[in-house]
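A quick write-up on the structure given underneath.
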Amino acid sequence: MIAIGSDHGGFELKKHVIGHLLEKGIEVKDYGTFTEDSVDYPDCARPVCKAVLAGEAERGILLCGTGIGISIAANKFNGIRAALCGDVYSAVMARQHNDANIICLGGRVVGRELAFMIVDAWLENKHLGGRHSDRVAKIHAIEKEQ
Ligand code: RB5
C-alpha cells in the first residue's frame, strides 16, 4: 500500500496522483487533507510518515505547494528519507541511490503528466545497495547523533 497526503497546496495534484495509482492497480490510502481549506503542511506529513515507519505502507507520497515544506517536515522523522523531485532523473536516483521511502511533489510546480512520470519512475526503480546502502546508513547515523 502507498500512503499519500498533502496540504491544500498539493490537494488538487494529489487527487490526480491517486487516480493514476488506482488506474495502475496500486493500492493507495489517502491520509488527507480532504478539502482545499488551508492547513499546515507539518501536520499533513505526520500521518504518512508514521504509516511508513510502522510498516502499514510500503512507501509514501507527500505534496504541498512547492513540495519543500512537507519534505523538510518529513525528513525530521527518524527513518524517513523523503526526496523532493521535480524531474524523472531525480526520481530514479531517489530510489537507486537514496532509497527514498517518501517522494515529495510540488502541486504548484509540476504538471499532472510530469508528476505521473516522476511517481512511476520512483515506484518502478529499486535501491542499488552496495556503497549506496553504506551512505544511507551514514544518514541514519547522523540521526543517532542528535
Ligand atoms: C502553502 O501556502 C504553502 O506554503 C505550502 O503548500 C508549501 O508550498 C510549503 O512549503
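Just so you know, residue 1 is the first one in the sequence shown, and it goes up from there. Counting starts at 1 for both ligands and their atoms, following the listed order.
With sequence neighbours excluded, no residue forms a side chain to side chain donor-acceptor pair (under 3.5 Å) with His8. For Arg46, the side chain to side chain donor-acceptor pair (under 3.5 Å) criterion is met by no residue, not counting sequence neighbours.
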Show which side-chain atoms of residues 76-83 pair as donor or acceptor with protein atoms under 3.5 Å away, not counting sequence neighbours.
from, atom 1, to, atom 2, distance (Å)
Arg81, NE, Asn98, O, 3.3
Arg81, NE, Asp99, O, 2.8
Arg81, NH1, His140, NE2, 3.0
Arg81, NH2, Asp99, O, 2.8
Arg81, NH2, Asp99, OD2, 3.3

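Ring geometry for His20 versus Phe116: interplanar angle under 30°, hence parallel rather than tilted (30 to 60°).
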What are the distances between nitrogen or oxygen atoms of ligand 1 and protein nitrogen or oxygen atoms, counting only those under 3.5 Å?
from, atom 1, to, atom 2, distance (Å)
ligand 1, 2 (O), Arg108, NH1, 3.4
ligand 1, 6 (O), Asp7, OD1, 3.4
ligand 1, 6 (O), Asp7, OD2, 2.6
ligand 1, 6 (O), Gly65, N, 2.7
ligand 1, 8 (O), Gly65, N, 3.2
ligand 1, 8 (O), Thr66, N, 2.9
ligand 1, 8 (O), Thr66, OG1, 3.2
ligand 1, 10 (O), Thr66, OG1, 3.3
ligand 1, 10 (O), Gly69, N, 2.9

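Between Lys24 and Glu124, at least one side-chain N (NZ, or NE/NH1/NH2) sits under 4.0 Å from a carboxylate O, which counts as a salt bridge.
For the pair Lys50 and Tyr31, the cation-pi criterion (under 6.0 Å, within 45° of the ring axis) is not fulfilled.
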